[in-house]
Structures are given as C-alpha cells and as structure tokens.
A.B. asks: 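To start, I am sharing the structure in question, which I have written as structure tokens.
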Amino acid sequence: MNMLLPSPYVSPWLSDDVADLAGVARNFFKTEVVPHLERFDEQRQVDAETWLAAGRAGLLCAAGSPEFGGGGGTFAHEAAVMWEQAKSGDDSLGYAVHSGIVAPYLEAFGTTEQKARWLPGMATGETVGAIAMTEPGAGSDLQNIRTTARLEGDDYVISGSKTFISNASHAGIVIVVCRTGGEGAQGISLIVVETKDPATGEPTPGFERGRVLDKIGLHGQDTRELHFSDVRVPAANLLGGEPGQGFYQLMNQLPQERLAIAVGAVAAAEYAVELATAYVKEREAFGRRVADFQNTRFTLAEVSTEVLAARTFLDHCIQLHLEGRLDPVTASRVKYWTTDLQCSVVDRCLQLFGGYGYMREYPIARLYAAARVQKIYGGTNEIMKDLIGRFL
Ligand SMILES: Cc1cc2nc3c(=O)[nH]c(=O)nc-3n(C[C@H](O)[C@H](O)[C@H](O)COP(=O)(O)OP(=O)(O)OC[C@H]3O[C@@H](n4cnc5c(N)ncnc54)[C@H](O)[C@@H]3O)c2cc1C
C-alpha cells in the first residue's frame, strides 16, 4: 500500500512472481536485518549469517542462471529486492554490489568454468562478491588505474592498491580492475581474486585488507582499502579469458549499475516522504499538528509529486533495460537525476522532523547520511552530466 497516492501505483515490471519475491524480500529485511542495524553499525559490517540467510531466502543472484544456483529471473527481480531493501531502511547489506554488479559480470563475461566455480557460492551467500575499480589516485578517471597484473607462466601476479571497496571484509571473491597491457583502455583487464584458498581456507598470500573506512553514513557497510602485493592467481581467473577486454566489460555493465543506484534512490526518497507524512500528523506545535501548517502541506505536496515523477522515469528505464535497450546516456540521466532528487527530498523531509530528524535513532537521519554518497559512487553525477553533454 502506498500512502502517497490515492490510487495505488503499480510498476509495470512488477509481475506476479516479481511481486512474490518482493514480498519475501520485505519480510527478510524487516525480520533479519532492520532489528540488527545498530549492531551492524557498531561492528562496521553485517553478520556472515545475514548473507547466508539472504541466500536461503532466495534473494541472492535472483536474476542468475538456475544451473549455477541463481533464481532464473530478470533485472526486475533484482530491482524488486533492491527496492524493498531501501524501503525497509536497511543501509548495511551490500546486496546491490553482490547481486546487482558482481554476479552479472560473471554471468555476462565468465567462461562456463568460471561461472560454475563462483556463482553457486554467491547464490547461497557463502561467497560474497566485491568489485575493485577505484584506486587512491584514480576514481572517475578509470583509464588511469595503476594496479598491474603481469603474466608469469600460468599465473597473473597482481600488485597495487584499491580504495573505497564495498563488501571488502566479507568478500570471498573480488573482481579487480588491472592493467595487463599498455596505457589507456586497451590495457585493462578484469581478474577475479579469491581472498582465500578454496580448498584450505588459508588467506591468499599477498592479499591484505586495509582499515575499515570511517564514513559519514552507511556505518554497517564494510568499505575498505585492499592491497595486492604480488598476489598470484591462475591465468584462468581472467574474466572472459581474453586480456584487454576490461574497459569494454566495464562500459557494458555500467548502465545496469547506474540503474540499480537509481532504484535505491527512488525507493529511499519515497520512504522518506512516507516517514515525514506519518510524523507530521503526530507532532504538535503552537497547538496544532505540524501537518496543519501550510508549509508542511506544500512541502509534502512537492516531494510526493517529485517522487512519483521519478518513479515513472525509473520504470521507463527499467523497462528499457528489460528489453536490452538501456543506453549509457539514459542510464546516466536516471542515475544523476534520481540521486540528486533523493538528496533533496530526504533533506526537505528531515526538516519536517525538527531536531529529531538529526538523531540517528530516527530512520530519516540514516536516510540523510546514506543519501549523500549516491551522487558520488557508480560514476559521480558530474561524470554522468559530462557523458550526457558529450552525447548532445
Ligand atoms: C561508500 C563508498 C562505496 C564505494 N564502493 C566502491 C566499490 O565497491 N568499488 C569501487 O571500485 N569503488 C567504490 N567507490 C568509489 C567511487 O566509485 C569513487 O569514489 C567515485 O568513482 C569517484 O572517484 P574519486 O573518489 O576518486 O573522485 P575523483 O575522481 O577524484 O573526483 C573528485 C571530483 O572531481 C570531479 N570530476 C572528476 N573528473 C571530472 C570531469 N571529467 N568533469 C567534471 N568533474 C570531474 C568529480 O565529479 C568529483 O566531484 C565507493 C565510494 C564510496 C564513498
């Protein structure tokens, strides 16, 4: 039930089985995650058991191939889980990176052997996925990465450092963006690093996790630096088996990554409006409900309208993606516009809470801290506009 609309708005991609999965996800986040958010914040990560529980519930790799343990669904299934996660107020489980980014790379470019090796564990939650693109000296400018992988016999030997890596504490596999050739895009490859030996469980020599980064929000997420000192992996871990394909593979997957961020953005904005709408009906000032001030009603009228507009834009993009027609420019548009909107809507909703809105025990405060990074990762919003501008 959507309290923002007199008649319910149903996303066109919400088929019966997608709606069923959304119901499972709603219940999972409500019972298995939200009650533990403060503890996750303190320990700077979710429990390993949370990943396993998500796997048991059938939420991980919902769009993955059934022969490798996946749910056999489409991006609509992934979107439904991401939507429910954001609507639950969970900002800890790195679901979108694991299921919405890492697994799709393996699905799209992995050899049959690679898929069989890693995807079943990702579907059960035993193997958590991370992707390491960003380096201390190269974020937006991905072509400038310095991490190298040199071929020695049947192995690649990887050296370099990555930063801001989500799921870094739990990760069993990390897709590492490396330079296997010369300068520029042609020299980039994606190599999968197992963080421990699958047979013995021993940590991979030369692979080291740096400190957990102290962020302004998303405290329950294990975001860290990763260091690679002559990490030796079999050449068979090169994603797709052909060196020099990395930049093309990244460009191919970025539209879905950006769309996934937009799903979280619109869901979080809608949740903020729902929270504010409920709060102002309870809170009183000057002998009236806060809801009875004209400013409050105007604010809620504006944000609820903006969220509905964002939802229809998002649904259009999801539909395009389901038809295989989401182009990079449209994906950049929906990423930058919905995340800008998320920050603006959450800020205006928080204002209606007065001082309580600034207290972390109120979900609106968590939403505020979590929103800010959405304009930064997945390609900054400036990079999105640059891409759109260049197309125009
Ligand atoms: C919480 C969190 C989680 C993250 N998770 C991951 C992860 O899992 N894996 C991963 O690889 N990375 C991850 N990142 C990194 C993220 O993708 C980068 O921070 C982002 O791409 C920006 O890179 P940068 O930080 O180096 O900023 P820079 O590239 O240094 O940008 C600095 C500023 O310059 C602007 N700028 C840069 N180039 C241009 C240009 N051409 N035109 C106009 N303006 C420009 C940017 O927009 C920005 O405002 C995460 C980051 C955070 C904060």
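Bear in mind the structure is a predicted one, so any value in this text is a computation, not a measurement. We count ligands from 1, going down the list as the structure has it; atoms in each ligand are counted the same way. In this chain, residues are counted from 1 in sequence order.
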A.B. asks: Which protein non-hydrogen atom lies closest to atom 50 (C) of ligand 1, naming both residue and atom, and how far is it?
C.D. replies: F164 O, 3.3 Å
A.B. asks: Closest non-hydrogen protein atom to atom 44 (N) of ligand 1, residue and atom name please, with distance?
C.D. replies: E382 CB, 3.7 Å
A.B. asks: Could you tell me whether some N/O pair between D386 and ligand 1 is separated by less than 3.5 angstrom?
C.D. replies: no
A.B. asks: Assess the side chains of Q43 and D47: does a donor N or O sit below 3.5 Å from an acceptor N or O?
C.D. replies: yes
A.B. asks: Would you check whether S166 has a nitrogen or oxygen atom less than 3.5 angstrom from a nitrogen or oxygen atom of ligand 1?
C.D. replies: yes
A.B. asks: So, for atom 37 (C) of ligand 1, does the protein have a heavy atom nearer than 4.0 Å?
C.D. replies: yes
A.B. asks: Among pairs that include at least one residue of residues 206-223, which meet salt bridge (charged side-chain N to carboxylate O under 4.0 Å, His left out), considering only residues two or more places apart or in two chains?
C.D. replies: R44-D214
A.B. asks: Indicate yes or no: does an N/O atom of I165 lie under 3.5 Å from an N/O atom of ligand 1?
C.D. replies: no
A.B. asks: For D141, is the CG atom crowded, meaning more than 12 foreign heavy atoms sit under 6.0 Å from it?
C.D. replies: yes
A.B. asks: State whether the side chain of R283 and the backbone N or O of F353 hold a donor-acceptor pair below 3.5 Å, judged by distance alone.
C.D. replies: no
A.B. asks: What atoms of ligand 1 come within less than 4.0 Å of a heavy atom belonging to M133?
C.D. replies: 10 (C), 11 (O)
A.B. asks: Could you tell me the residue and atom name of the protein heavy atom closest to atom 12 (N) of ligand 1, and the distance to it rounded to 0.1 Å?
C.D. replies: T134 OG1, 2.7 Å
A.B. asks: I want to know if ligand 1 touches I383 in the polar sense, i.e. an N/O pair below 3.5 angstrom.
C.D. replies: no
A.B. asks: Between Y105 and V177, is there shared hydrophobic-cluster membership here, with clusters defined by ILVMFWY side-chain heavy atoms closer than 4.5 Å?
C.D. replies: yes
A.B. asks: For the SG atom of C61 and the CZ atom of F68, what is their distance to the nearest 0.5 Å?
C.D. replies: 12.0 Å
A.B. asks: Just to confirm my output: which protein heavy-atom neighbour is closest to atom 24 (P) of ligand 1, and how far is it?
C.D. replies: G139 CA, 3.9 Å
A.B. asks: Checking contacts now, so for atom 33 (C) of ligand 1, which I'm interested in, is there any protein heavy atom under 4.0 Å?
C.D. replies: no
A.B. asks: For atom 30 (O) of ligand 1, decide whether some protein heavy-atom distance is shorter than 4.0 Å.
C.D. replies: no
A.B. asks: Relative to atom 28 (P) of ligand 1, which among A168, G379, A171, S140 owns the nearest non-hydrogen atom?
C.D. replies: S140
A.B. asks: Would atom 10 (C) of ligand 1 count as contacted, meaning some protein heavy atom under 4.0 Å?
C.D. replies: yes
A.B. asks: Could you check which of N381, N167, V373 puts a non-hydrogen atom nearest to atom 52 (C) of ligand 1?
C.D. replies: V373
A.B. asks: Going by the atom numbers of ligand 1, which of them fall below 4.0 Å from some non-hydrogen atom of T380?
C.D. replies: 22 (C), 46 (C), 47 (O)
A.B. asks: Do the side chain of T31 and the main chain of N27 share a donor and acceptor less than 3.5 angstrom apart?
C.D. replies: yes
A.B. asks: Is there a donor in the side chain of T223 and an acceptor in the side chain of Q221, or the other way round, less than 3.5 Å apart?
C.D. replies: no
A.B. asks: Tell me yes or no: between the side chains of D17 and H77, is some donor less than 3.5 Å from an acceptor?
C.D. replies: yes
A.B. asks: Nearest protein heavy atom to atom 20 (C) of ligand 1, by residue and atom, and its distance?
C.D. replies: I376 O, 3.6 Å
A.B. asks: Does any N/O atom on Y377 come nearer than 3.5 Å to any N/O atom on ligand 1?
C.D. replies: no
A.B. asks: Under 3.5 Å, is there a donor-acceptor pair between the S189 and Q245 side chains?
C.D. replies: no
A.B. asks: Using a 4.0 Å heavy-atom cut-off, which part of K215 comes near ligand 1: side chain, backbone, both, or neither?
C.D. replies: side chain
A.B. asks: Among R146, H227, E135, E225, which one satisfies side chain to side chain donor-acceptor pair (under 3.5 Å) with S161?
C.D. replies: H227
A.B. asks: With a 3.5 Å distance limit and no angle check, can you tell me whether H98 reaches the backbone of A171 through a side-chain donor-acceptor pair?
C.D. replies: no
